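Pasting in a structure now, in C-alpha cells, and then I'll have a few things to ask.
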Amino acid sequence: MEILFYIFGVVAIVAALSVVFQRTPVYSALSLIVVLAALAVIYLLLGAPFIAMVQVIVYAGAIMVLFVLVIMLLNAGHEGPSAHRAKFARWVGPPLLLAFLVEFGVIVWKQYGLTGAASAPALDASPAAIGRLLFKSYILPFEVTSILILVAVLGAVVLAKKQL
Amino acid sequence: MTSVGSADFIRILPELILSVFALLVMMLEPVTPLGKKTVLGWVAIAGVILAGLASFAIAYFPGSAFSASISNDGFSNYLIELLLLIAGLVLLGSMAYLERDAIDHGEFYALILMATVGAAFMVASTELIMVFIGLEISSISTYILAGYKRGEMQSNESSVKYFLLGSFATAFFLYGIAFVYGLTGTTNLDVVRETLVNSPQSASPQLLWLAVILMFVGLAFKVSTVPFQIWTPDVYQGAPAPVTAFLSTAPKAAAFAVLVRVFVGSFDHVASAGPVVFWLLWISAVLTMCLGNLAALWQSNVKRLLAYSSIAHAGYMLVGITAGGAEGTSAVLFYLAGYALMNVGAFILIAHLAGSDERYTNVQDFTGLAADRPGMAACLTVFMLSLAGFPSTVGFFAKFYVFRSAMHAHLTGLTIIALLNSVVSVYYYLALVVAMYMGEGKTQVSESSVPRALGFAIAVSLLGIFFLGLFPSGLLRDLNSLHVPWL
Amino acid sequence: MIPLSHILLLSVILFTLGAAGFIIRRNVITVFMCIELMLNAVNLAFIAFARRLPGLDGQLFVFFVIVVAAAEAAVGLAIIVALYRNRNSLAIDDVDSMKL
Amino acid sequence: MATFSDTEFFLIETVIKIALIMFILLTAIAYLTWLERKVIAHIQSRWGPYLVGPHGLLQPLADGLKFMFKEDIAPLEADPVVYWLAPFLAFLMAFLSIAVIPFGESFTLAGHVIQLQITDLNVGLLFVFAVTSLGVYSVALAGWSSNSKYPLLGGLRSSAQMISYEVSLSLGVIGVLMIAGTLSLREIVNQQAGLWAHAGLFSVLPRWNLFLQPLGFLIYFTAAIAETNRIPFDLPEGETELVAGFHTEYSSFKFAIFFMSEYANMVTVSAIATLLFFGGWLGPSFGPYWLRVILPVLWFCLKLFCFLFFYIWVRGTLPRFRYDQLMAFGWKFLLPLGLLNILVTSFVMAWLHS
C-alpha cells in the first residue's frame, strides 16, 4: 500500500509541475485534474474515502469542469511571452519560495522524522460518521456555508450576465 | 455540548437578522417597480438597525454558542456594532450613487448585508474554521462588489486584482490553520492557547513559527500591510466609491479583530511563539506606516491617496497590536471606530462629489471647491483633519491612545517612528484642503445638492468624529472593561 | 505505514509549486488554477494531520475547504469572463489601466 | 490441483472477473445496438438489419469490423493530444463504474467466497457518481479539441447539460440513501429482500425501494436519460442543429469508442436504477446450489434488460426537446421536485422515528 502513496505522490508532483509550466491553459487544467485525482487516491490510502469521493465529484467533476468550460468559451490560447518588463516579483518570488520549501522541509523533517508513522487508531471515517460530526459539532459552519454559496450564485449572475 | 438550543441562536441573532434581510432584499427585488429600487436600500437599512438592536440585546446573554465556535463577548459585540454602523452608513451613502450611475440596486444591498454577515461571523468566532468561512463570505461578497460596475474597465480590474490576491492570501491563512490544527489537534483558539501554554513541548517551536507566519501573511493581505499591500491602491481606486468606503473599513475591521484574537489572544501567551509574533508585528507596523505615508505624498488621485492613507492607518493599528495586552487591544478597538467613521464619511462624500461615473477624482478637480460648495468642502476638510489626527477630532485620540499603549509597553522606538509618520501624513491630507480653499480657478466638481440619505450619513459620521474627539473617555472606559477571557 | 513527514513534504511541494505558478504565470485562468493547487496542498495537510490525531475534524475541514473553493471558482470565473468581455484578453499584464 | 494463497487467489479472481465482465459487457453493448435498431425498426414498421446472419444477428460484428478498418480522419487543426485523449477518457469512465456494481450474491468455490462484483466499496454509490461526473470531460474536450464550430457548440451544450442533470440525478437517489443509511450498493440491495409485511393486499409486492420512493425513481431515471444524452434529451447530438455534436469530427475507431461508451453508460445507470429501486438481483430463488447462484444473476439481467428496452422504446416514441426547454426542465422542474422529495422523505422519516 505504501508504494501506491509514493507512485501517486510523484504523479501529483509531475502533474503540478505541468500545471505551472504548461503554456496552454487547457493542458494546465487537465494536469490539475490529474493532481486532483492523484490526491483523491492518496486520501483513500490515508483513510478518508468519503473525502476522496467528494474531491472527485465536486473538485474534479464540477469545479474543474467550470474551468474547462470557461477556457473553451473564452478560447484561451497559447500564452505568449511577457510583453512587459520583467516584474520584480517574478525574479524574487521563486528563489524565496525555494528557500521557503527547503526551510519548511527541514522543519517538518525535524519534527516528525523519517519514520513517524501517520497513523492513529483506525477511525471510522465512513460517510455516516462524517455526517454525524458535521451535523453535531459543525452544524454552524455547515449552515453558514449556505450563505457563502448564495453569495457565489448571486455574484456569478451579477458579474457574468450581460443584461440583468 | 453537541445539541443545539435556543441560546445558540440568540447568540448569533444579529447575523441571523442580517441574513434574513439579505434574503428579503433579494426576494423583493423582482417585485419592486423600476423607479422605486431605493426602497430596497431602506429595507436593508431596517435590517441593519434591527440587527443593531439585537446586538445590544444579546450583550445580556454572554457566552459561547454552537460547540464553542461562537463567542458572544464584549469584544465581538462591540465589533459587530461597529460593522453594522459601517454597513448602515455605506447603505445610506450608496442609494443616490446607484440611482445616479444607473446600477442595479437589489443585489448591491444584499451583498453589502452578506459581506457584513461574513465579517460579523469572523469577529465573533473562536473557531478557526468558522473564521475562515466568515472571511470567505465577506471576501467573496466584496470581490463581487468591487467589480459591480461590470462594464467598466477599472471596476473590473479592481475586482480581478482583489480576487486573485485575496484568494492567494486565503490559501496562506488556511495553510496556517492546517498547521495549527496539526500541532495542537484543534482549531478552537481558546483550546489552542491552553494546549500550547500547558504543554509547550507538544509542538516544535519552528513549526509553530511557520504556522504563525502563514496565518499572519493571510491576514496581512486583508488588512493590507506592507509588503502585502500591493493590491490596495488599484482596488480602492477601481471599485465604485461607496464600495471602497465599505471594503476599506468593514473587512479590515474584521481582519484586525481576528489578528487581535489570534495573536494577542492566543499566540502571545505562548512562550515559543510570543517573540516571533512580536517581531512580525513590529516590522510590518514600521514598514506599513512608512510606505503608506511616503507613497501617499505622490498621489494625485483622491481615491488612491486615501488608499495609501488607509495603508498607513493599518500601520498605526498594528502598533497597538504590537503593544498588545488589554490597553493595546482597547486602543486598537477605539482606533477602528474612529477610522471607520472618517474613512466611510470621506469616501461616500467623494463618491458624491466625483460626479456620474466618477469622472472627477483627481486632486486638482477639487480646486476651488470651497468657493463653490462651502458646506461640502468643510465636511471634507473635517474628514481630512481627522485622518491627519488634529485635536478635537477622533483621529487625534485614536492615535494618542495607540501611541500611549505603545509607550506603556516600552516600545519607544516604534512610537517615535509612528509619531514622525503622522507628522508626514499631515502634508498630503492638507494638500487636498489647500486645493479646495486656496486653489485658483473654478472647480470641476459641480455636483448638485446633497441627497438627504447621504447628508444624513455624513452628518452621523461628523457627529461621531466630534463626539469621540471631544469625549473619548466614555468609549475607552467601556473598551477597557471588555470581559474577554484571553486578556 | 506512510510517514507523516513524507505526506507533509508532498503537501509543501504542491503548495510551493502553486505559489510559484501564481507569481510566474501570466494567464489569469492559469493563475487561478495555481491557487486551486495551493488549496489542494492545504487539504492534503489536513488529511495527513487527521490521520495522526484522534477525531475526524481534519477531514471535515477539507469538506469545508472544497465548498469554499467551489464558491470561489464560481465568482472568480465570472470575474474572469467579465474581464475578457472588457478587454478581449486574459493576460494579467494587460490589467494595468491604473498605474502609480 | 495447486493451492493458492489468499492474495494470489484474490488477484486471480479479480483478473478473471474483470476479463469476464468486460467481455460480457462489450458483447452486450454490441447486441444492444442490434436490439435498438431492431426495436426501432419494428416500432416504425420496418425490418431493421436482416441480411447479415439470421435476423441480422451478425450485424454488430460487421459494424465492428467496419469501424476497425475504416480510414481514421482527424482534422488538421485539431489539438493532437486532447483529440486522442477524449474518446479513451470516455471509454475509461464508462467502464470504470462497472467495477463497483454487484450483479448477484456471493458463492463459494474451493473454500473461497467469491462475490459477484469486482470490488465492494463502502462508498460504492459515490464512486459511481464520481466516475460519471468525470465523464463530462470526454465530451467537453472532444468538442474543444476538434477545433471546429459544431463540435465546440455541441461539447459546450452537452457538458452544461450533463453537469446540470447530475444534480437532479444525485438528488433523486438521496431519498433511497436516507432510507438505507448506507452507500454500499450490496447493502442497499440486501435491505430490499423479502415482501412487504402488514400491507394488506400489497403484501405480495417485493420490498423494493421503488414503492417508497416513486418520485425519487422518476427523477433519477429522467435525469439519467439526460445524463446519457439520449432522446428526448439528446440535444448535444441534435443532427439538425449541430451535425453530430461533440463527435462530429470523429471517425472510425475513435467514433466507435464514443458509441460504445454511450451504451456502457446506459447500462451503468440502468444497473444503478435496478439496484437502488428494483431490488437488484433479488427474486424467487430455488433449486440446487448452482441454480441459486445463477438465478439472481438472471433476475438482475432481466431487470436491466427491461430498462434498456425502455430506453429504446422512449427513443422510438418521443420527440426531442428544445435546448432552453431542456435546461429549464432540469433546473426549474426536476431540481425543485428532487428537493421536495427529500424534504417529504425526511419529514416522514422523522415522524416515523418519533
Side-chain angles (χ1 to χ4, degrees), chain A residues 1 18 22-34 36-41 43-44 47-78 123-132 135 146 149 153 157, chain D residues 79-83 85-86 89 92-93 96-97 100 121-147 149 151-164 166-167 169-170 174 177-178 180-184 187 246 331:
Chain A
M1 288 307 238
S18 159
Q22 286 287 358
R23 289 205 158 269
T24 315
V26 170
Y27 288 170
S28 285
L30 290 180
S31 312
L32 187 52
I33 295 163
V34 174
L36 297 173
L39 286 180
V41 176
Y43 295 168
L44 266 180
F50 180 71
I51 298 299
M53 292 305 146
V54 170
Q55 163 103 349
V56 177
I57 295 175
V58 181
Y59 233 127
I63 300 179
M64 286 315 294
V65 173
L66 210 56
F67 273 94
V68 172
L69 280 186
V70 168
I71 293 172
M72 281 164 60
L73 204 63
L74 305 187
N75 202 10
H78 204 72
L123 278 169
D124 172 26
S126 66
I130 297 231
R132 229 167 279 130
F135 288 107
S146 61
I149 292 170
V153 172
V157 174
Chain D
D79 188 297
V81 183
V82 182
Y83 182 75
L85 193 68
L89 209 63
L92 184 71
M93 292 312 158
L96 211 56
S97 44
V100 294
L121 281 181
N122 69 344
V123 286
L125 192 61
L126 281 183
F127 180 80
V128 176
F129 281 141
V131 171
T132 355
S133 68
L134 291 182
V136 187
Y137 287 113
S138 61
V139 173
L141 293 175
W144 176 79
S145 66
S146 302
N147 212 346
K149 178 161 50 185
L152 182 66
L153 290 174
L156 276 174
R157 270 189 177 194
S158 174
S159 22
Q161 170 181 341
M162 283 166 88
I163 46 180
S164 306
E166 213 173 271
V167 184
L169 189 81
S170 10
I174 281 182
L177 297 182
M178 285 162 71
T182 175
L183 286 166
S184 157
E187 190 100 340
F246 62 89
W331 286 107

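A note on names: the letters A, B, ... follow the listed sequences, proteins ahead of strands, and every chain is numbered from 1. Model, not experiment: these values are computed from the prediction.
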Might you work through the side-chain contact (heavy atoms from CB on, under 4.5 Å) test for A:Leu69 and D:Ile163, ending with a clear yes or no? CA-CA 11 Å; A:Leu69 280 186; D:Ile163 46 180; 4.1 Å; yes
Between D:Tyr137 and A:Met64, which heavy-atom pair has the shortest distance, and what is it?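 Looking at all heavy atoms of both residues, the shortest contact is OH-CB, 2.9 Å.
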List the steps and the verdict of side-chain contact (heavy atoms from CB on, under 4.5 Å) for D:Asp79 and A:Val26. CA-CA 10 Å; D:Asp79 188 297; A:Val26 170; over 6 Å; no
Over all heavy atoms of both residues, which pair between D:Ala130 and A:Met53 is shortest? Give the atoms and the distance, please.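 The answer is CB-SD, 4.2 Å.
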Side chain to side chain contact (heavy atoms under 4.5 Å, CB included) partner of A:Leu30, the single match among D:Leu89, D:Val81, D:Leu141: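 Only one option passes, and that is D:Leu141.
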Side chain / backbone / both / neither for A:Ala60 at chain D, heavy atoms under 4.5 Å: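 Looking at A:Ala60, backbone and side chain both touch chain D.
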Chain D contacts, top residue of A:Leu66, A:Val68, A:Ile57 (heavy-atom pairs, under 4.5 Å):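 It is A:Ile57.
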Check whether D:Phe129 gets within reach of chain A through its side chain, its backbone, both or neither, counting any heavy atom under 4.5 Å.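 Both the backbone and the side chain of D:Phe129 come within 4.5 Å of chain A.
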Can you name the nearest heavy-atom pair linking A:Gly61 to D:Ser133, along with the distance?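 It is CA-OG, 3.7 Å.
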Roughly how far, to the nearest 0.5 Å, is CG of D:Leu156 from CE of A:Met72?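 Between A:Met72 CE and D:Leu156 CG, I get 4.0 Å after rounding to 0.5 Å.
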